[in-house]
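Okay, so here's the structure we're looking at.
Each chain gets a letter, A, B and so on, in the order the sequences are listed, and its residues count up from 1.
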Number of protein chains: 2
Amino acid sequence: MHPLRPLSEDEFLKAKDILIKSYHVDSNLLFRSIYIEEPPKADLIKFLAAEHGEAGRNESVPSLPRLVKFVYDVIKGPGEHQLTEKIIDINSEEVVHHQSYPAWCQSSYTMPEFAAFQDACVSSDLFKEALKEFELSSNFAITIDPWPYGGLEAGEKMPRYMQGLVYARDASKDNLDSNHYSYPLPIIPVMDVVHKKLVRIDRLATGGRDDPLEPTPPSGTPKKLFTANKPAEYVPELLDRPLRTDFKPIDVTQPEGASFTVQDSSLVTWQNWRFRIGFTPREGAVLHDICYAGRPIIFRLSFSEMTVPYGDPRPPYHRKQAFDFGDGGCGRAANNLQLGCDCLGAVHYLDAWLTNTEGKPTLAKNVVCLHEQDNGIGWKHTNYRTERAVVTRLRELVVQFVVTLANYEYIFAYKLDTAGGITIETRATGIVSVVPIDEGKTSRYGNVVSPGVLAQNHQHIFAVRIDPAIDSYDAGSTHVVLEESHPVPMNPETNPYGNGYKIRRTPVTRPMFADAEPKLNRTVKLENANKKNETSGNNVGYKFIPNATQLMLADPESTMAKRAPFARHHLWVTGYRDGELWAAGDFTNQSQMEVGGVKAMVERGDWFGGAERTANDRKGADGEANGNGSGNGSGNSQGKLSIPVVWNVFGLTHNPRTEDWPVMPVEIHQLHIRPADFFTTNPALDVPGTKNDTSVLVSCCGKEKTTAENGGKASGEVQRDPVVHLQGTGSDIDPKNIGG
Amino acid sequence: MHPLRPLSEDEFLKAKDILIKSYHVDSNLLFRSIYIEEPPKADLIKFLAAEHGEAGRNESVPSLPRLVKFVYDVIKGPGEHQLTEKIIDINSEEVVHHQSYPAWCQSSYTMPEFAAFQDACVSSDLFKEALKEFELSSNFAITIDPWPYGGLEAGEKMPRYMQGLVYARDASKDNLDSNHYSYPLPIIPVMDVVHKKLVRIDRLATGGRDDPLEPTPPSGTPKKLFTANKPAEYVPELLDRPLRTDFKPIDVTQPEGASFTVQDSSLVTWQNWRFRIGFTPREGAVLHDICYAGRPIIFRLSFSEMTVPYGDPRPPYHRKQAFDFGDGGCGRAANNLQLGCDCLGAVHYLDAWLTNTEGKPTLAKNVVCLHEQDNGIGWKHTNYRTERAVVTRLRELVVQFVVTLANYEYIFAYKLDTAGGITIETRATGIVSVVPIDEGKTSRYGNVVSPGVLAQNHQHIFAVRIDPAIDSYDAGSTHVVLEESHPVPMNPETNPYGNGYKIRRTPVTRPMFADAEPKLNRTVKLENANKKNETSGNNVGYKFIPNATQLMLADPESTMAKRAPFARHHLWVTGYRDGELWAAGDFTNQSQMEVGGVKAMVERGDWFGGAERTANDRKGADGEANGNGSGNGSGNSQGKLSIPVVWNVFGLTHNPRTEDWPVMPVEIHQLHIRPADFFTTNPALDVPGTKNDTSVLVSCCGKEKTTAENGGKASGEVQRDPVVHLQGTGSDIDPKNIGG
């Protein structure tokens, strides 16, 4: 078994057996996560280098232990859960690591915990009492979205809680998928998760822009709900409008098969790319050992965390802040993708084994899809003298997974392309989170997307973790440099006409954070100072420009901000440590502040040796060096394995619009990691520019209906007449373009 | 003939006839541009409103004159050209406008002017003398790329010049498309265009980072050229490497036909969208009258200008600054697109009639392509309780043209999507501009992409012109508002927990410029203050976030900067005037400073009435208003037709990498214009989520070759074994995902 291959069912069962045996037979365990523990990096890179047959390495491939991590509760008594972690070596059959966690460490929620919430609420006297404050037609069925409790204020100590947003589904439609979000109730129940008992009901303010922050106390008379609310269905059978009938299919096919191969349920090769796909319950799909033509680029690439803070200051919305990776787990929340719907073309799916709370292996089917796609022109040049054009397409390999977190969906994709580029794409879709608002009012804290329904302003802030290995797995060989383009004042000596500008390079020599700086085109370069591009003489490298997106708006002193300092900067560079994967720390659920996240990593200050600044780099800081990178990277003077890890943070400030209702069209963000003197020429030069003979000409046709003919509707619908060939269509191409 | 329909051949000939008759029979005219003159906006919007049958408008469709604009030189004597413009009314057969331009107004170059340059050079004694300074093997054929002369310094007056970058093609390869850019010569000839005579040869500095700015004077001994230079071919028959053989085709087909219709060679309808495509010699494709479901959104949308300033301070590179729209004309430079190569799928092409210098109509064939494409998931939601997923695709209609400007290519595309969005995409590709550098040296001004070849640092800065008409063509109904999300300090009264943030709206009430401000998520909203969204109560509108890209680096006092003040800010809002389409002014060629561009429009200060700030807007400026827009927009108090025009400027700082050589992979920029409370729900809600049955499962297969088996090459090439079904593939989808 390759050390990076995800857990198989057999291993799962074998490891679990070993774990169980390490406990007394009467022990009561509640399983949370079971997955492969990646080997320590120092061992793994030796393995990979030998596996790749890296030049000069004659070591045989070392054998690495196959390790399985278990995260679970040891239930010591009623309501007494001890969060525990053990790592089992399947081959030696030993427990190689054992850790118990203090009470403040709240693990992510399990599906049964979420599922228990609805039942606990509807059967709770506290809840029933609260409902009496409202008059609700009998056709409505209470439907509760479970949420993490959110951040604790300083000094607060609470057991494991969950809160819920309460909605009502119109059961008279006799369809379990009727959209309950149209009917929000102004209460938030809070449950003690372990005891499965409601502890209180928070009341919600439902006023408008001039109303107070606090909720109106109940008046004594039941408040009639949903007097103005309207349905907002999205499932086709309940839709309030007909589906489009003129949406002709687009077929994407690969009659000769796909260009990629997948082996061992994890190893992918495609167009000089070679990498392994992992899958963890928290991260979803992870890419390992990304190489191009045998040269490493990235050791490990993943989505590390995301936080969604809400900007409505009325309590209890200050606790409306999910960390979807840490509180829930995106691997666990991954959709089973459907061929021809989620993914188009010639598609390969990957499954994953997850656990249920009893420790039974559960197959998460088709959670990752893999397929090629065309993305327009890749490169083109026409020699105007001869009119000879050479054009090739930009093709991408897409590794995608989709997660559902109650109301929201996120589509995460890694896209590798034929020009050596890696694009990390995030799409937000699904249903915006809504709360009630009094009929006829509007609010400064959100937008009324349906009568009586307020979609609150919020942000989505993501962190991507990049563990680079530029052209080598040797420790300390990858350096981070910030490169900027600076203006130079006009002056007779160096810039007589004022058109010149300079490149300034600042090596990153210690853990730090920084922000995007588009005014200087701030670019993050990941370079190997030991390997020069033989044409330019520069260090080989990859680069990305951190997108200048808005980051966390919450007051830095707020709990919301303290839980997520990662969300305040676009770039973090930290020293490597095994297992340190979480931008906001291991335990985000119900946290008071970020512990063990990137802020702490920077403050810890450990780094890597061999990054002493050379003469050239000092010149860089003075603003005079050009693209020639340097820095000797000759080893780790401290003897520790520390290598920079790079984290990119980007945000989407989402002040909802009515178009986001009832399901929002995707908002798309892309992070582009591109080669920078890694190759000596365009790596896509050898992509064939073969004409695709299945493309066809469409002649124009159709006569537009006048408004009268269209039954009074504005034009936009066209009646198709028989095909008519009009000017310029259907004839051969004349390559000569004599412009005028 | 619809007033926005591009010129037909018949009209061309008829109008030209009328023009010729307006001159003495012996007159000598050199034609530059002939195209449809769009009617004055005040007349056109009446026409469009009647054409659409806008509610309440009972006027019959007015008849508008069909006007043709001619731009040409009247040649009065040898070397005496008078740049002239006339507008002909085809129906009345009258000249309705006549203007002559002063000498400093240099029109764009024609193809014959470009073509004349090579011959003028190689036959020039001045040039032959200069070549004697070099020793050049006989296999090389001089190949010259013509360039605009660039900016004149203050006080300079020059006739119409052209300069050229000189290269040599290896003719021994017997292929006219052998890449001459590998072999740059260190001279730049300058030609008087009208007399077709070289006036001087500029020598180029070819040193490295410690060498002076001035060129080394000739030593007396001919300098041997290209001692280190290597070929860098891109045409497949000369490529130095085999083409990829494992690149399986991706077929994109629409077996039921395309969903769009094209009529009248210009009117397009697709998925509720309706618009006209125009084409001008300077802009290429222009979109007019963009409506969704009969509601106007944008009156006119176009790429207005771009400038490419080079950052190498050594003379004469301070004059290396092209304005590709104004100096050359992107319509004239548009490629003839090839089916299955430039555009994939079911494609419709549009042609355009351009003129040659004799005024003969010349068909520019297939210069614009139109096709649908899939762009991944459009929206999705899964109800986790039932596992019921509804997913639809995001589909786009692409209107694309590609221009070649000597070495560079730009791919311009307008993409309309099923969620009411408009994306304006720019891709840069082609060949970076290179100059010679001494063997073994490197430079602060660029990157050595091939031995002896320096690719200079430069920028590409674009301007898109948006003439909005949000839900109405009434003058003064569209307002521009800058909307930002601001932090609010934690305070007990309005933000007790510190999580709240506010939206600040600043109406734009006079012509102005502004920059992107991602820290505040600065968003430009185009709103109709007379039309409220019936659900939210906000003004209906569209919005975009100006991307925070680096803008012009040149010293503001430099000629380079003075020619393009447009390139210093991301956003310009100006008062409308007919024909005012050019961000850098009408005449960029050989300009000294920008005249009549957006800077001048702002300084002119004309605006529109009806934008008095109301109480709500004043609140907005104090930071307390939320999304409810206002402003009465009730008419134009000054009686003039002025409506805001919005210009978005974005840049790409391009410090070339070796991967950009010999042809660069596309660099992509996208401007996203999205509805903002224009619709009451997601306009793509009615897109059918039909499964595409042509998508297929790819089972994994193949066994990876070991390095030894691979002939010593690192793995990355895979030998395909017979198909093997491994875990999890090929079986039916299990909808239940019991996470753990």
Side-chain angles (χ1 to χ4, degrees), chain A residues 53 111 177 243 248 251 256 258-259 261-262 269 294 311 313 318 332 340 346 348 351 354-356 362 365 379 381-382 388 404 419 444 448 487 490 495 497-501 518 521 536 548 550 553-555 558 560 626 653 663 665 688 691-692 694-695 698 700 702 707 714 718 728 739-740, chain B residues 53 111 177 243 248 251 256 258-259 261-262 269 294 311 313 318 332 340 348 351 354-356 362 379 381-382 388 404 419 444 448 487 490 495 497-501 518 521 536 548 550 553-555 558 560 626 653 663 665 688 691-692 694-695 698 700 702 707 714 718 728 734 738-740:
Chain A
M111 278 301 291
D177 292 299
L243 292 176
K248 307 276 185 234
D251 292 345
E256 294 180 31
S259 316
T261 69
V262 182
T269 66
H318 59 290
R332 285 189 210 93
H348 182 82
D351 306 331
L354 300 174
T355 187
N356 69 4
T362 318
K365 197 137 181 50
W379 59 262
H381 185 61
T382 299
R388 168 76 182 280
T404 298
R444 36 183 114 250
V448 176
M490 185 149 57
N495 196 14
Y497 296 92
N499 66 305
Y501 67 87
N521 205 46
S536 66
Q550 187 170 44
L553 280 161
D555 189 300
S558 66
M560 204 171 249
N626 189 28
T653 295
V663 183
K691 175 178 178 345
N692 188 307
T694 65
S695 290
V698 172
C700 56
T707 306
V718 177
Chain B
M111 277 303 291
D177 291 300
L243 291 177
K248 307 277 185 232
D251 293 345
E256 293 180 32
S259 315
T261 70
V262 182
T269 66
H318 58 291
R332 285 190 210 92
H348 182 82
D351 307 330
L354 300 175
T355 187
N356 68 6
T362 317
W379 59 262
H381 185 62
T382 299
R388 169 76 181 280
T404 298
R444 36 184 111 249
V448 175
M490 183 148 61
N495 196 13
Y497 295 93
N499 66 305
Y501 67 86
N521 205 46
S536 66
Q550 186 169 44
L553 281 161
D555 189 300
S558 65
M560 203 170 249
N626 191 28
T653 294
V663 182
K691 176 177 177 347
N692 188 307
T694 65
S695 290
V698 172
C700 54
T707 306
V718 178
D734 178 347
I738 303 169

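Nearest approach of B:Lys248 to A:Glu256, heavy atoms of both residues: CD-O, 3.4 Å. Taking both residues in full, the closest heavy atoms of B:Pro518 and A:Ala548 are given as CB-O, 2.9 Å, listed atom of the first, atom of the second, then distance. The two residues A:Ala258 and B:Val698 come nearest to each other via the heavy atoms CB-CG2, 4.0 Å.
The choice from A:Ala554, A:Gly500, A:Ala419 that makes the most heavy-atom pairs within less than 4.5 Å of chain B is A:Gly500. Among B:Asp555, B:Val448, B:Asn495, B:Asn499, the residue making the largest number of heavy-atom pairs under 4.5 Å with chain A is B:Asn499.
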For this session: For side-chain contact (heavy atoms from CB on, under 4.5 Å), just list the numbers for B:Asp251 and A:Asp251, CA-CA rounded to whole Å, side-chain angles, deciding distance to a tenth of an Å, and then say yes or no.
Result: CA-CA 8 Å; B:Asp251 293 345; A:Asp251 292 345; over 6 Å; no

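Looking at residues two or more places apart in sequence or on another chain, you find no side chain to side chain donor-acceptor pair (under 3.5 Å) involving A:Ser558. Judged as a salt bridge (Lys or Arg N to Asp or Glu O under 4.0 Å), and not counting sequence neighbours, the contacts of A:Asp177 are B:Arg388.
Heavy atoms of B:Thr653 lying under 4.5 Å from chain A belong to its backbone as well as its side chain. Both the backbone and the side chain of A:Thr694 come within less than 4.5 Å of a heavy atom in chain B.
Rounding to the nearest 0.5 Å places OH of B:Tyr501 at 7.5 Å from CD of A:Gln550.
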